[in-house]
Amino acid sequence: MSNSPIETDVVIIGAGPCGLFAVFELGLLDIRCHLIDILDRPGGQCAELYPEKPIYDIPAYPIISGQELTDALMEQIKPFDPQFHFNQRVDEIEKLEDGRFHLKTDDNQEFICKNVVIAAGGGSFTPKRPPLPGIEEYENGSVHYSVRRMSDFEGKDLLIVGGGDSALDWTLNLTPIANSVTLVHRRDKFRAATDSVNKMLALREEGKINFHLGQMTEIHGENGEMTGVTIKGSEEEVLVKCNRLLPFFGLTMKLGPVANWGLNLHENLISVDTEKFETSAEGIFAIGDINHYPGKLKLILSGFHEAALMAQKVNAYINPDKKVVFQYTTSSSSLQKKLGVK
Amino acid sequence: MPKITFIEHNGTSHEVEGEAGMTVMEVARKNDIPGIEAECGGACSCATCHVYVDEGWLPKTGASEEMEEDMLDFAFDVRANSRLSCQIKVTDELDGLVVHTPEKQF
C-alpha cells in the first residue's frame with residue numbers, strides 16, 4: 001500500500017459499465033483516468049449481480065451477458081491504459097486551494113486529480129448485516145463482516161454463519177488458530193467449492209469444528225462483548241457460546257460515504273444537470289445509476305450518453321485553451337491514432 | 001386476470017391484479033407493495049424479494065430451484081415455504097394466490 005498521493009487528470013469512482021465507458025470518452029480527449037472500486041474486479045453490478053444474465057437493451061447487441069459487456073468494455077478502453085484500484089472505497093473528497101481535488105480511500109490511498117466522476121451505481125457493495133436486534137452494539141469488536149487480520153481471531157470462540165466460499169474458507173483458515181469454531185448454515189447443502197466443503201466435513205468428522213443446522217435468532221452479551229448466539233434449528237434452539245461472530249450473507253448496495261460529500265441529493269441520488277452531468281459541486285460529475293435529473297432512466301445506455309457529455313465539460317476544465325473540434329471515430333485519423341487503429 | 005394477495009408482517013393485506021407472465025415480484029413492485037425490495041431487479045441475485053407462500057398454495061407455486069435455494073441463503077428467517085417472488089411466474093392457475101412478506105428484507 002502506497003501512501004504517496006497519485007496525481008492524475010480524473011478519478012472515476014466506480015468501475016461498472018458507465019465508469020468504464022467514461023474512460024473511453026475521456027481517453028478520446030487525451031484525458032487519463034484512475035478508477036477506484038470496492039469490488040475486486042471491474043463490471044460493478046454486471047459482474048457482481050448478473051454476470052451470466054442476458055441484457056437485451058444494449059444498442060446493437062440483441063443479447064449480451066453482464067460479463068461479456070464488461071469484457072468488451074475493458075477491451076474497448078485498453079488503448080487508454082486506465083489504472084484500477086480495487087477493493088477500496090473512497091471515503092473523503094476535498095477541494096484543494098488550487099482547484100484540484102484530494103481523495104482518500106479506506107485503504108489510505110490518496111489521489112490528487114483535476115476532476116472527479118462519480119459512477120458508483122447503486123452505491124458501494126457492503127456486507128449484509130443480519131437484522132438481529134442490537135447487532136450494532138457488537139460491531140466494534142465481536143462482530144466482523146470480513147477478516148482483515150487473522151490474529152484478531154486467535155484463541156477466540158468463533159461462530160461463522162453461511163454456506164458459501166467466504167464462510168467455508170474462513171472456517172478452514174481460522175480453525176487452527178481459534179479456540180473453537182462453530183459453523184452454522186440453514187441447510188445441509190453448501191454453495192462453496194467442493195474441495196472446501198470436503199475439507200470442512202473432514203474437520204467436522206474429526207470433531208475439530210462444531211456444526212449446527214439452523215439460523216441465528218438472538219445475540220447475547222453485555223457492554224458490547226458478545227457471549228453467545230441463539231441458533232434456531234427446525235426443531236430446537238441451541239445457545240452457542242462464542243465471542244466472535246462472522247456472518248456471511250452476501251453483499252448489498254449502500255450509498256455510503258457519498259452522502260457526506262456535501263453534494264445536493266435527491267432521495268439518495270446525486271442531482272446533476274443534463275448538459276454536463278455535473279453535481280452541485282463544480283468539477284465533480286455523476287453519471288449512471290447514481291445520478292438524478294428529470295426524466296432519468298436507470299439504463300446502461302443512458303449512462304453511456306451521460307459519460308460522453310460529461311467528458312466534453314471535463315475537457316473544457318482540463319484544457320481550457322484547446323479548441324474543441326468535434327470528430328467521429330469512423331473518419332478522424334487523430335482519434336484512430338489514439339485508439340491504436342492501424 | 002389472476003388476483004394476488006400480499007399480507008404484510010403486521011397483517012395489512014393488499015389484493016392486487018397480476019398478469020399471466022409477470023413474476024410475483026413484478027406485480028408487487030407495480031402495485032407498490034411494501035416489504036418487497038427487489039434490489040437486483042429480478043436477476044435472482046439478492047434475496048430482497050423474499051416471501052412466504054401461504055401453505056395451501058405451495059403445491060401450485062412449486063418448489064424453488066437450486067439457484068433460488070442458493071440465493072435464499074442470503075435471506076433471513078428462511079422457512080419451508082420461503083420463495084423469492086421474482087422466481088414465481090404468475091399463471092391463471094395462481095388466481096387467488098396468497099403470499100406473506102417478511103418482517104424485513106435484508
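Atom set for the values below is all heavy atoms of this structure, side chains included, hydrogens, waters and symmetry mates excluded. Labels below follow one simple rule: chain letters A, B, ... track the order of the sequence lines, proteins then strands, and each chain is numbered from 1.
Applying the side-chain contact (heavy atoms from CB on, under 4.5 Å) rule to B:T12 yields the partners B:E8, B:N10, B:H14; only residues at least two apart in sequence or on another chain are considered.
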Distance-only donor-acceptor pairs under 3.5 Å across chain B and chain A:
unit_1	atom_1	unit_2	atom_2	d
B:E39	OE1	A:T252	OG1	3.0
B:E39	OE2	A:T252	OG1	2.7
B:S45	OG	A:L49	O	2.4
B:C46	O	A:K128	NZ	3.2
B:E66	OE2	A:K189	NZ	3.4
B:E69	O	A:R186	NH2	2.8
B:E69	OE2	A:R186	NH1	3.3
B:E69	OE2	A:R186	NH2	2.7
B:D70	OD1	A:R187	NH2	2.6
B:D73	OD1	A:R186	NE	2.8
B:D73	OD1	A:R186	NH2	3.4
B:D73	OD1	A:R187	NE	3.0
B:D73	OD2	A:H185	NE2	3.4
B:D73	OD2	A:R187	NH2	3.1
B:D73	OD2	A:R191	NH1	2.5
B:F74	O	A:K128	NZ	2.8
B:D77	N	A:Q215	OE1	3.2
B:V78	N	A:Q215	OE1	2.7
B:V78	O	A:Q215	NE2	2.7
B:F106	O	A:K128	NZ	2.7

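Neither the backbone nor the side chain of B:A80 comes within contact range of chain A, judged by heavy atoms closer than 4.5 Å.
Here the shortest heavy-atom pairing between B:F76 and A:P130 reads CE1-CB, 3.8 Å.
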